[in-house]
K.L.:
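Following this message is one structure expressed as structure tokens.
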Amino acid sequence: QVQLVESGGGGVQPGGSLRLSCAASGTIRSIGNMGWYRQAPGKAREFVATITSGGSTNYVDSVKGRFTISRDYAEKTVYLQMDTLKPEDTAVYYCNAVIQSRSDWYGRDYWGKGTLVTVSS
């Protein structure tokens with residue numbers, strides 16, 4: 001069984017930094033794109049950043065220059081370094097990955113349970 005587990009959320013003042021981690025575990029054959037989404041209170045879930053298996057990255061405009069996505073292939077982990085945080089970054093952050101398990105013929109979308117980030121003075 002494949003799982004994604006996030007960690008690193010918490011409270012921070014505006015202008016501060018946090019680093020989120022998401023580790024994939026289980027009987028994994030391969031991992032494709034990995035990424036982060038977020039859902040603020042009363043809003044729909046939105047794309048934040050993604051990184052391909054080749055290392056190419058993409059970000060939503062509102063976080064460009066402040067957030068950095070990276071991955072450790074050996075540890076099956078994706079990170080989101082968040083700097084210069086703003087109150088509008090407050091949300092539950094979800095990890096997403098396309099993973100082919102050893103019992104699958106193709107990759108499937110997997111989601112973590114989310115980690116809360118609160119930016120407030």
K.L.:
Mind jotting down which residue pairs meet the ring-ring contact (aromatic ring centres under 6.0 Å, His included) criterion with at least one end in residues 1-33? Sequence neighbours excluded, please.
P.N.:
none
K.L.:
Roughly how far, to the nearest 0.5 Å, is the CD1 atom of Ile28 from the CD atom of Gln3?
P.N.:
10.0 Å
K.L.:
Can you hop from Ile99 to Val5 via hydrophobic side chains spaced under 4.5 Å?
P.N.:
no
K.L.:
Tell me which one of Val48, Val119, Leu18, Thr68 satisfies side chain to side chain contact (heavy atoms under 4.5 Å, CB included) with Met82.
P.N.:
Leu18
K.L.:
Which pairs pass salt bridge (charged side-chain N to carboxylate O under 4.0 Å, His left out) with one or both residues in residues 92-101, sequence neighbours excluded?
P.N.:
none
K.L.:
Under the rule for side-chain hydrogen bond (donor to acceptor under 3.5 Å, both in side chains), what residues qualify as partners of Ser103, not counting sequence neighbours?
P.N.:
Ser101
K.L.:
Just to verify, what does Lys64 make a side-chain hydrogen bond (donor to acceptor under 3.5 Å, both in side chains) with, not counting sequence neighbours?
P.N.:
Asp61
K.L.:
Taking only residues two or more places apart in sequence or in another chain, which ones pass ring pair (Phe, Tyr, Trp, His ring centres under 6.0 Å) with Tyr37?
P.N.:
Phe47, Trp111
K.L.:
Filter on salt bridge (charged side-chain N to carboxylate O under 4.0 Å, His left out), then keep only pairs touching residues 86-95, sequence neighbours left out; what's left?
P.N.:
Arg38-Asp89, Arg66-Asp89
K.L.:
Could you list all the side chain to side chain donor-acceptor pair (under 3.5 Å) pairs where at least one residue sits in residues 12-22, not counting sequence neighbours?
P.N.:
Ser17-Asp83
K.L.:
Any side-chain heavy atom of Asp72 sitting closer than 4.5 Å to one from Tyr79?
P.N.:
yes
K.L.:
Do Val2 and Val98 land in one hydrophobic cluster if side-chain heavy atoms of ILVMFWY residues count as linked below 4.5 Å?
P.N.:
no
K.L.:
If you take all heavy atoms of Thr90 and Ala40, which pair is closest and at what distance?
P.N.:
O-CB, 3.6 Å
K.L.:
Which pair of non-hydrogen atoms, one from Ile31 and one from Ala24, has the smallest distance, and what is that distance?
P.N.:
CD1-CB, 4.0 Å
K.L.:
Pairs in or reaching into residues 53-77: which pass ring-ring contact (aromatic ring centres under 6.0 Å, His included), with residues at least two apart or in two chains?
P.N.:
none
K.L.:
Please examine the side chains of Pro87 and Pro14, heavy atoms only from C-beta on, and report whether any two atoms are closer than 4.5 Å.
P.N.:
yes
K.L.:
Please report the interatomic distance CG(Asn33) to OG1(Thr50), rounded to the nearest 0.5 Å.
P.N.:
4.5 Å
K.L.:
Of the non-hydrogen atoms in Leu20 and Gly9, which two are nearest, and what is the gap between them?
P.N.:
CD2-N, 3.6 Å
K.L.:
Can you check whether Arg102's main-chain N or O pairs, donor with acceptor, with Arg29's side chain at less than 3.5 Å?
P.N.:
yes
K.L.:
When clusters are formed from ILVMFWY side-chain contacts under 4.5 Å, directly or step by step, what else is grouped with Tyr106?
P.N.:
Trp105
K.L.:
Do Ile69 and Val78 have side chains that approach each other closer than 4.5 Å (heavy atoms only, starting at C-beta)?
P.N.:
yes
K.L.:
Any pair with a residue in residues 27-121 that passes disulfide bond (SG atoms under 2.5 Å apart), sequence neighbours left out, goes on the list, sorted by first then second residue, please.
P.N.:
Cys22-Cys95
K.L.:
Among pairs that include at least one residue of residues 105-121, which meet salt bridge (charged side-chain N to carboxylate O under 4.0 Å, His left out), considering only residues two or more places apart or in two chains?
P.N.:
Asp104-Arg108
K.L.:
Provide the closest heavy-atom pair for Met34 versus Lys76 in the form atom of the first, atom of the second, distance.
P.N.:
CE-O, 4.2 Å
K.L.:
Please report the closest heavy-atom contact between Tyr93 and Glu6, naming both atoms and the distance.
P.N.:
O-OE2, 3.9 Å
K.L.:
For the backbone of Val60 and the side chain of Ser62, can you confirm whether one donor and one acceptor N or O come within less than 3.5 Å of each other?
P.N.:
no
K.L.:
Using the test side-chain hydrogen bond (donor to acceptor under 3.5 Å, both in side chains), find all partners of Ser30 that sit at least two apart in sequence or belong to another chain.
P.N.:
Gln100
